[in-house]
Each structure stands twice: as C-alpha cells, then as structure tokens.
Amino acid sequence: MDSNSDHHERCEAWGLDSSRIPKHVAIIMDGNGRWAKERGESRVFGHINGIDSVRLSVESALELGVKHLTLYAFSTENWNRPKEEVDALMDLLVDTLVKEVSELSNKGVRLRTIGDTAALPDSCQAQLKKAAESTSHQNQLELILALSYSSKWEMVEAVKSIIASGRKAEDVTAEVIADHLTTKDVPDPELMIRTSGEHRISNFLLWQMAYTEFHFSSVLWPDFGKEEFIGAIRDYQNRERRFGGVLDTNHNVQTK
Ligand code: IPE
Ligand code: IPE
Ligand code: MG
C-alpha cells in the first residue's frame with residue numbers, strides 16, 4: 001500500500017478529506033433488471049453487467065482506504081424471484097468467485113459473507129469457503145457479501161442464540177445484541193449507498209444503520225462507477241453527524 005502522503009494527495013485530487021474517509025461503506029446494488037430492460041435484454045444480462053460495478057467499487061474502496069465494504073448481493077426475499085433468475089445469479093456468483101479471487105487476494109482483499117449461506121447451492125458454499133480461506137490473511141479491505149441476507153433473519157438468529165446462551169433478561173444490552181449479529185466484529189457503516197433511485201432499506205442492516213448516513217443515487221447499478229462512488233463519499237463528507245447530540249464550535253459532538 002502507498003504512503004500516508006500519497007493517500008492524502010489522492011484524496012485531495014478527488015476533493016476529499018483523507019482524514020474523514022468512512023471505514024465501512026454498505027451498498028444496496030439495485031437496478032440491474034431495469035438497466036437490461038432499457039436495452040431490450042433479459043434481467044440476467046443486467047446482473048452480468050453489474051459485476052463491473054462491483055469491481056470498480058472494490059477498487060475505489062481500496063484507493064480511498066475504506067476498510068470494510070458490504071455489498072447486498074442477494075436478499076432473503078430475492079428467493080421469491082423466478083427460478084431461472086435465481087439459478088443464473090448463483091451461477092454468476094460461483095463463476096465470478098472462481099475468476100476473480102486471486103486478483104482480489106493480490107490487491108489485499110479479504111472476502112467473507114453474511115447471511116443464511118447454508119441456503120445457497122453446495123457449489124456456491126464450497127467456492128465461498130475456498131475464497132474466504134484463501135484471502136483470510138489479507139488486510140487492506142474486507143469485502144463482505146450479503147447473501148441470502150436480511151436484517152430480520154439476522155435478528156431472529158441473534159435472539160435465538162441469546163436465549164440459548166441462558167442469559168437473564170436483565171443482562172441483555174445493546175452490546176449483547178450487537179455481539180450476536182453476523183457483523184459483530186465490523187464497525188457500523190458510516191455510509192450506505194443505494195442505487196437506482198429507490199429510497200428504501202429493503203431489510204438491510206437495520207440495527208447497524210441506526211446512525212448511518214444515506215446516499216441515494218438515481219444511477220442504475222451497472223452504470224455505477226468510480227466517479228459515482230467518490231461522489232457518494234464527497235456527499236458523506238458534507239454531512240453533519242450529530243448522533244442525537246449538539247456540535248461545539250469545532251464541529252465535534254459536545255459531551256457533558
Ligand atoms: C439488483 O438489481 C440485483 C439483485 C437484487 C440481485 P435488481 O435485479 O433488483 O434490478 P431491478 O431493481 O429489478 O431493476
Ligand atoms: C434489494 O434490492 C436487495 C439487493 C440489492 C440484493 P431489491 O430489488 O430486491 O429490493 P426491492 O424489492 O426493490 O425493495
Ligand atoms: Mg431491485
């Protein structure tokens with residue numbers, strides 16, 4: 001990785017403050033179907049073209065020094081889509097992992113998943129396991145794929161495991177709940193991006209995004225490139241985060 005001053009200069013060239021790059025960015029990658037429809041193609045064509053945007057987002061995150069990038073790739077509710085589309089998405093996932101994992105590893109990317117991955121086809125589970133193992137020592141960027149994920153699924157699992165641990169009701173705190181979520185070792189995202197002009201969360205990281213800044217882009221996912229990613233970070237840097245408090249003259253949240 002480059003030196004601090006290279007990083008600082010690069011951020012400045014993009015109009016960004018290198019000291020305020022979010023550590024964790026989460027993205028709802030939406031609009032593949034509409035992108036394909038505009039071209040008279042099948043929805044799967046849109047998903048295939050969405051892979052380039054994944055690559056560009058990973059590259060942008062690496063260049064900016066983002067440490068965790070969570071991509072919502074397949075929701076619990078997405079299982080309700082036509083079988084051909086679901087099958088194509090699963091195949092695409094396996095093919096992409098096989099093709100890209102060594103490149104990701106070379107760039108310092110560690111791959112992991114959140115979600116009910118036991119519901120995925122065996123071939124996907126095997127490739128995901130392999131990819132996670134072969135990149136486990138990388139530490140530039142953690143790429144978290146949300147697969148067969150939904151926040152309500154995750155919360156139900158958390159409640160079950162808290163009950164199974166035999167904890168008393170009075171010992172359940174916000175920290176205990178956070179510790180039973182699939183993201184337990186990841187800081188909450190400071191920024192969430194959703195593409196395609198939809199303004200909803202669609203069951204994504206509900207607990208973790210209690211104080212996250214949202215950036216909604218009208219661009220469809222296959223058209224979301226480096227400039228759009230950097231634009232979202234710039235938008236984030238213009239926000240005033242208060243966490244329910246008030247700001248002092250230095251724009252820091254005042255404490256008692
Ligand atoms: C996002 O694009 C990809 C997945 C949900 C897997 P969509 O497939 O939801 O595309 P639109 O929203 O129908 O355009
Ligand atoms: C959210 O997109 C899920 C993913 C991007 C994986 P959807 O397209 O499934 O969400 P809705 O149906 O528009 O809310
Ligand atoms: Mg959609």
Side-chain angles (χ1 to χ4, degrees), residues 24-58 60-61 68-97 99-100 111-121 123-125 127-128 143-157 181-183 186 189 191-209 212 214-225 228-229 232:
H24 184 180
V25 176
I27 309 184
I28 302 180
M29 312 181 287
D30 199 13
N32 294 350
R34 279 161 283 170
W35 187 90
K37 197 174 177 200
E38 280 177 1
R39 288 158 181 78
E41 298 280 354
S42 73
R43 298 179 54 81
V44 174
F45 183 73
H47 299 316
I48 293 168
N49 280 275
I51 305 282
D52 286 340
S53 301
V54 171
R55 201 177 294 113
L56 290 171
S57 288
V58 168
S60 307
H68 313 269
L69 178 67
T70 301
L71 301 179
Y72 204 6
F74 194 84
S75 72
T76 305
E77 290 76 18
N78 289 152
W79 288 113
N80 296 324
R81 294 191 178 198
K83 186 177 183 306
E84 309 83 76
E85 184 178 348
V86 171
D87 288 350
L89 277 166
M90 296 301 153
D91 286 348
L92 195 58
L93 177 66
V94 175
D95 290 353
T96 307
L97 282 170
K99 267 197 229 140
E100 312 254 342
L111 191 102
R112 62 175 277 205
T113 57
I114 54 172
D116 185 13
T117 47
L120 298 173
S123 56
C124 287
Q125 290 186 48
Q127 283 305 332
L128 285 166
L143 175 60
I144 305 168
L145 294 180
L147 286 168
S148 191
Y149 173 88
S150 70
S151 213
K152 289 191 178 181
W153 165 82
E154 175 180 49
M155 287 189 198
V156 169
E157 292 305 305
L181 298 176
T182 56
T183 50
V186 186
L191 171 66
M192 189 282 282
I193 300 168
R194 182 169 188 152
T195 58
S196 87
E198 307 295 352
H199 297 126
R200 56 177 170 264
I201 305 186
S202 302
N203 219 345
F204 189 42
L205 302 174
L206 302 180
W207 175 278
Q208 296 87 339
M209 299 207 298
T212 297
F214 290 174
H215 174 88
F216 294 107
S217 164
S218 58
V219 171
L220 301 174
W221 179 249
D223 288 330
F224 194 85
E228 285 75 18
F229 190 97

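Just follow the structure's listing: the first ligand is 1, and inside any ligand the first atom is 1.
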Checklist line | Residue of the set E154, E157, Q208 for which side-chain hydrogen bond (donor to acceptor under 3.5 Å, both in side chains) holds with T182 | finding: E154
Item checked: Residue portion contacting ligand 1 (non-hydrogen atoms closer than 4.0 Å) for S196 -> neither
Next item on the list: Identify, for atom 14 (O) of ligand 2, the protein heavy atom at the shortest distance, and state residue, atom and that distance.
Entry: S202 OG, 2.6 Å
Item checked: Reported CZ-to-CG distance for the pair R81 and L89, which is rounded to 0.5 angstrom -> 7.0 Å
Next item on the list: May I ask you to identify the nearest protein heavy atom to atom 5 (C) of ligand 2, giving residue, atom name and distance to one decimal place in Å?
Entry: M29 O, 3.4 Å
Notebook entry, point to check: For atom 8 (O) of ligand 2, which protein heavy atom lies nearest, and how many Å away is it?
Noted result: D30 OD1, 3.2 Å
Notebook entry, point to check: When you look at I27 and W221, which way does the side-chain contact (heavy atoms from CB on, under 4.5 Å) test go after all the steps?
Noted result: CA-CA 10 Å; I27 309 184; W221 179 249; 3.7 Å; yes
Next item on the list: Show your working on side-chain contact (heavy atoms from CB on, under 4.5 Å) between S75 and N203 and close with a plain yes or no.
Entry: CA-CA 8 Å; S75 72; N203 219 345; over 6 Å; no
Notebook entry, point to check: In the protein, which heavy atom is nearest to atom 2 (O) of ligand 2, and how far is it?
Noted result: R194 NH2, 3.6 Å
Next item on the list: Please work out whether any backbone atom (N, CA, C, O) or any side-chain heavy atom from C-beta onward of K37 is under 4.0 Å from ligand 1, and answer side chain, backbone, both or neither.
Entry: neither
Next item on the list: Taking all non-hydrogen atoms of both residues into account, name the closest pair between W35 and G46 and its distance.
Entry: CE3-CA, 4.0 Å
Note to self: Counting non-hydrogen protein atoms only, what is the nearest one to atom 10 (O) of ligand 1? Give residue, atom name and distance.
What the structure shows: G33 N, 2.9 Å
Notebook entry, point to check: Can you list the atoms of ligand 1 that are under 4.0 Å from a heavy atom of R43?
Noted result: 7 (P), 8 (O), 10 (O), 13 (O)
Notebook entry, point to check: Tell me, do S148 and T117 make a side-chain contact under 4.5 Å, heavy atoms counted?
Noted result: no
Checklist line | the Mg ion (ligand 3) reached by D30 (N, O or S, under 2.8 Å) | finding: yes
Notebook entry, point to check: At a non-hydrogen distance cut-off of under 4.0 Å, which region of N78 contacts ligand 1 (side chain, backbone, both, or neither)?
Noted result: side chain
Check: Would one find an N or O of S75, backbone or side chain, under 3.5 Å from an N or O of ligand 2?
Finding: no
Notebook entry, point to check: Can you tell me the protein heavy atom closest to atom 7 (P) of ligand 2 and the distance?
Noted result: R81 NH2, 3.8 Å
Checklist line | R200: numbered ligand 2 atoms lying under 4.0 Å from its heavy atoms | finding: 11 (P), 13 (O), 14 (O)
Checklist line | Contacting atoms of ligand 2, where contact means under 4.0 angstrom from a heavy atom of I28 | finding: 1 (C), 5 (C)
Next item on the list: Below 4.0 angstrom from a heavy atom of F74, which ligand 2 atoms are there? Numbered from 1 as shown, please.
Entry: 6 (C)
Notebook entry, point to check: Of all the heavy atoms in A73, does at least one lie under 4.0 Å from an atom in ligand 1?
Noted result: yes
Note to self: Taking 4.0 Å as the limit for heavy-atom contacts, which would you say applies to E77 with ligand 1: side chain only, backbone only, both, or neither?
What the structure shows: neither
